[in-house]
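Per chain, numbering begins at 1; letters A, B, ... match sequence-line order.
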Amino acid sequence: MEQEAELQRLAPDLLVREKKERVSRLRELDGAGPGFTVRLAPYPSGAPHIGNTRMFILNDEYARKYGGKLILVFDDTIGSEEKFPSLESYTLMEEGLRWLGVRWDAVYYKSDRLELFYSWAERLISEGIAYVCMCSAETLRNMREQGKDCSHRHHTPDQNREYWDMMVGGKYREGEAVLRAKTDMAHRNPAFRDRVLCRISHREHPRVGRKYSVWPMLEFSWAVDDVELGMTHVIRGKDLVMEDMMERFIWERLGITGPRFEHFGLLRIKGVKISKSKSMAEVSSGAYTGWDDPRTWSLQSLAARGFRPEAIRNFILSLGMSLSDIEVPVDSVYSENRKLLEPSADRYFFVGRPVMTEISGLDGEGVVESYLHPDRPERGSRKIRVSGRVYVSSADMDAFAGREVRLKDFCNVRLAPGVSEFLGRENREIQRIQWVPAEGCVACRVVMPDGSTVEGFAEPNVSGLQPDVPVQFERFGFVNPRGMLGDTMLFHYAHD
RNA sequence: GCUCCCUUAGUGUAGAGGCCAAUCAUGCGGGGCCUUCGACCCCGCGACAUGGGUUCAAAUCCCAUAGGGAGCACCA
């Protein structure tokens, strides 16, 4: 304590700096060193959203930390009925990643690598590690439950190779045959009993069409690519630990040393429900305005709200690499962004759901002047021409009608719908509310995070605002100007 | 039910046997700034899930209990 006081006297800047540099740092990873290589594996079924950013940022951040490589691998296998890749999603993904400040060194597409997966599959077949199974999905599940082998498990590698060639040759319909790993049908973890490596799908793929009818499952494709693409580490969510086991099993059988696995726990954001497939449907039907609709929680929508990518990064890094599943209030994200926006966002008056009131007995018209940013007078000021008619928000009217309030920076009135009595100009310690002059105010629409809109008026000065430079509507929140919609100015609401 | 994982203040997080009567952020409470804002600034509040071990010493290692999560898909 004494030392601190002493230091404060001698070199106050030292104290400040120490506090500032205490940014959360990621823990060291075992085995990280030269050649460090990790990958990002987005599935292109829509725009990236805030829930995906943990995987993005942790991989990016570790790649930077160790001066290593970050490979972007589109995990665009054929998916399922509910979850399928789409062409525009590739662009949306890259756009989102770029916005986030993620820098990758190379890009690959799983859909370009089917032949490679096939060659590995054939190797597994010939070494007796995998077999073609013709059980139905239901039979397969039942056998797994009982821990019993099916007859297909005992086919010879040559027989399996024959069936496999028929699979690849498109001789089977979907669901008629799969390639399974011969792990152990009595494995204590029922989920691990002879998992499926490849299955048949005749659906059309946005990049390769109907060229292939056999597609790898996630864990098999990664067992191949984590080795083929030279990963030293795999940083993934802990929902994928079973996939580690599967990859390790394959490598072990083939005598390969694979990368190390690192996991982070699941992240949920309280009050934010994200459904990519729902967003996809609503965007394409037009129910949402597009991928910038706040309800998608896509990175595009966050950009539209005026979020700074660094805010997202700081938020994710503050969570660290913890393995526990967490639920974080959305306020934590907002507060990170607020820290970045607050110093630069100019202040303006906006009234939502406006009601007009006339100031009776006003001592003349004129101009009031306010700072653009009260804490930073050097940013300059703004002027509002005033007369006896102003709008206030209906919320303020409801809350304060009949009471003395100060129209901020202007004058004091006894607030009432219709006509408010003028009470003088001196700055008194009473409730202040925002207002806009009836003449020259700008019609605004603010899109809220839940997709609803608030219509209102803003002071005339907002008409010169640059798009995508966030401002603060006082006592309303931080908003991002998006441009004009006819005579109405469009904003997206960031947070309070 | 089976398998795996997690458990530090309201919410997250730091902490890898003594430096911890425990870090930081957010939240909450109070104050400040005042061309007087729900922003910002300052101060304060608040936690090692429980029970056993191991050790001279445990938030940190081991075991059990409780609570939470994930997986058990021919999705990723």
Side-chain angles (χ1 to χ4, degrees), chain A residues 19 22-25 27-28 41-45 75-85 110 133 135-138 140-141 144-145 147 174-180 187-193 195-201 214-215 217-219 221-222 236-245 263 265-268 270 276-277 314-315 317-329 331-336 338-339 341-343 345 347 349 368-371 373-377 381-382 406 408-410 427-430 432-434 472-478 495-496:
Chain A
K19 203 170 182 179
R22 235 186 182 150
V23 198
S24 90
R25 287 174 45 207
R27 64 152 224 259
E28 299 293 334
Y43 187 71
S45 65
D75 210 351
D76 61 341
T77 53
I78 196 71
S80 62
E81 289 294 331
E82 312 82 53
K83 208 173 185 175
F84 46 87
K110 284 268 180 77
C133 177
C135 292
S136 69
E138 194 179 78
L140 195 149
R141 202 181 58 236
R144 225 179 235 151
E145 233 161 67
E174 289 186 20
E176 282 187 338
V178 293
L179 186 73
R180 294 174 72 185
H187 197 276
R188 50 203 301 252
N189 183 351
F192 198 60
R193 293 174 185 164
R195 283 174 78 82
V196 172
L197 299 178
C198 295
R199 39 68 195 257
I200 291 168
S201 172
V214 172
W215 288 87
M217 306 301 292
L218 175 137
E219 52 261 56
S221 70
W222 281 119
R236 55 166 48 150
K238 84 176 195 193
D239 51 324
L240 261 23
V241 288
M242 174 90 59
E243 282 69 14
D244 299 10
M245 287 170 66
H263 297 95
L266 267 39
L267 165 65
R268 258 192 299 260
K270 206 173 201 161
K276 218 160 155 186
S277 44
N314 293 342
F315 166 70
L317 291 179
S318 77
L319 307 177
M321 273 287 280
S322 154
L323 233 23
S324 41
D325 302 317
I326 52 177
E327 185 172 46
V328 188
D331 279 1
S332 310
V333 187
Y334 292 163
S335 85
E336 288 295 343
R338 188 149 50 219
K339 277 184 217 161
L341 250 39
E342 201 283 331
R347 270 58 168 169
F349 290 168
V368 303
E369 191 168 359
S370 301
Y371 282 133
H373 195 306
D375 297 331
R376 289 160 195 267
S381 61
R382 57 193 218 272
R406 178 165 179 80
K408 194 186 162 201
D409 303 341
F410 178 19
N427 193 358
R428 284 167 47 206
E429 288 293 323
I430 51 176
R432 348 249 146 184
I433 65 172
Q434 278 59 38
Q472 189 195 53
F473 281 166
E474 284 190 16
R475 269 175 74 244
F476 182 75
F478 291 94
H495 46 72
D496 59 21

Who are the ring-ring contact (aromatic ring centres under 6.0 Å, His included) partners of [X], not counting sequence neighbours?
| X | answer |
| --- | --- |
| F410(A) | W435(A) |
| F478(A) | H495(A) |
| H263(A) | none |

With a non-hydrogen cut-off below 4.0 angstrom, is [X] in contact with a base, only sugar-phosphate, or nothing?
| X | result |
| --- | --- |
| K270(A) | nothing |
| S201(A) | nothing |
| P343(A) | nothing |
| E429(A) | base |
| F476(A) | base |

For [X] and [N], what is the distance between atoms [atom1] and [atom2] respectively, to the nearest whole Å?
| X | N | atom1 | atom2 | value |
| --- | --- | --- | --- | --- |
| E369(A) | U35(B) | CD | P | 13 Å |
| L323(A) | G12(B) | CG | P | 15 Å |
| D331(A) | A39(B) | CG | P | 11 Å |
| R406(A) | C37(B) | CZ | P | 11 Å |
| R382(A) | U35(B) | CZ | P | 14 Å |
| H495(A) | U26(B) | NE2 | C1' | 14 Å |
| R376(A) | A39(B) | CZ | P | 16 Å |
| R188(A) | G1(B) | CZ | C1' | 15 Å |

Here's a test for you: under side-chain contact (heavy atoms from CB on, under 4.5 Å), which of R195(A), R199(A), E243(A) qualifies with M217(A)?
R199(A)

With sequence neighbours left out, write down each residue that passes salt bridge (charged side-chain N to carboxylate O under 4.0 Å, His left out) with R376(A), or none if nothing qualifies.
none

List in chain and number order the residues that pass salt bridge (charged side-chain N to carboxylate O under 4.0 Å, His left out) with E82(A), two or more places apart in sequence or in another chain; answer none if no residue qualifies.
none

Give a yes or no on whether a salt bridge exists between K270(A) and D331(A), defined as a side-chain N under 4.0 angstrom from a carboxylate O.
no

Could K339(A) and E336(A) be called an ion pair, given the rule that one side-chain N must be under 4.0 Å from one carboxylate O?
yes

Any strand: nucleotide that pairs with [N] via Watson-Crick or wobble, under 3.5 Å:
| N | answer |
| --- | --- |
| A57(B) | none |
| C40(B) | G32(B) |
| G27(B) | C45(B) |

Distance, C1' atom - from G30(B) to A14(B), rounded to whole angstrom
27 Å

Please state the P separation for the pair G38(B) and G44(B) - nearest whole angstrom.
23 Å

Please encode protein proximity along nucleotides 71-76 of chain B as a string of B, S and -, counting only heavy-atom distances under 4.0 Å.
BSSBBB

Would you tabulate the nitrogen or oxygen pairs shorter than 3.5 Å linking the protein to nucleotides 65-69 of chain B?
| from | atom 1 | to | atom 2 | distance (Å) |
| --- | --- | --- | --- | --- |
| G69(B) | O2' | D325(A) | OD2 | 2.2 |

Winner on side-chain proximity to R432(A), out of U3(B), U35(B), C37(B), is C37(B)

Which residues pass the side-chain hydrogen bond (donor to acceptor under 3.5 Å, both in side chains) test with E474(A), sequence neighbours left out?
K408(A), Q434(A)

Could you work out, with side chain to side chain contact (heavy atoms under 4.5 Å, CB included) as the rule, every residue matching L266(A), not counting sequence neighbours?
K238(A), D239(A), D325(A)

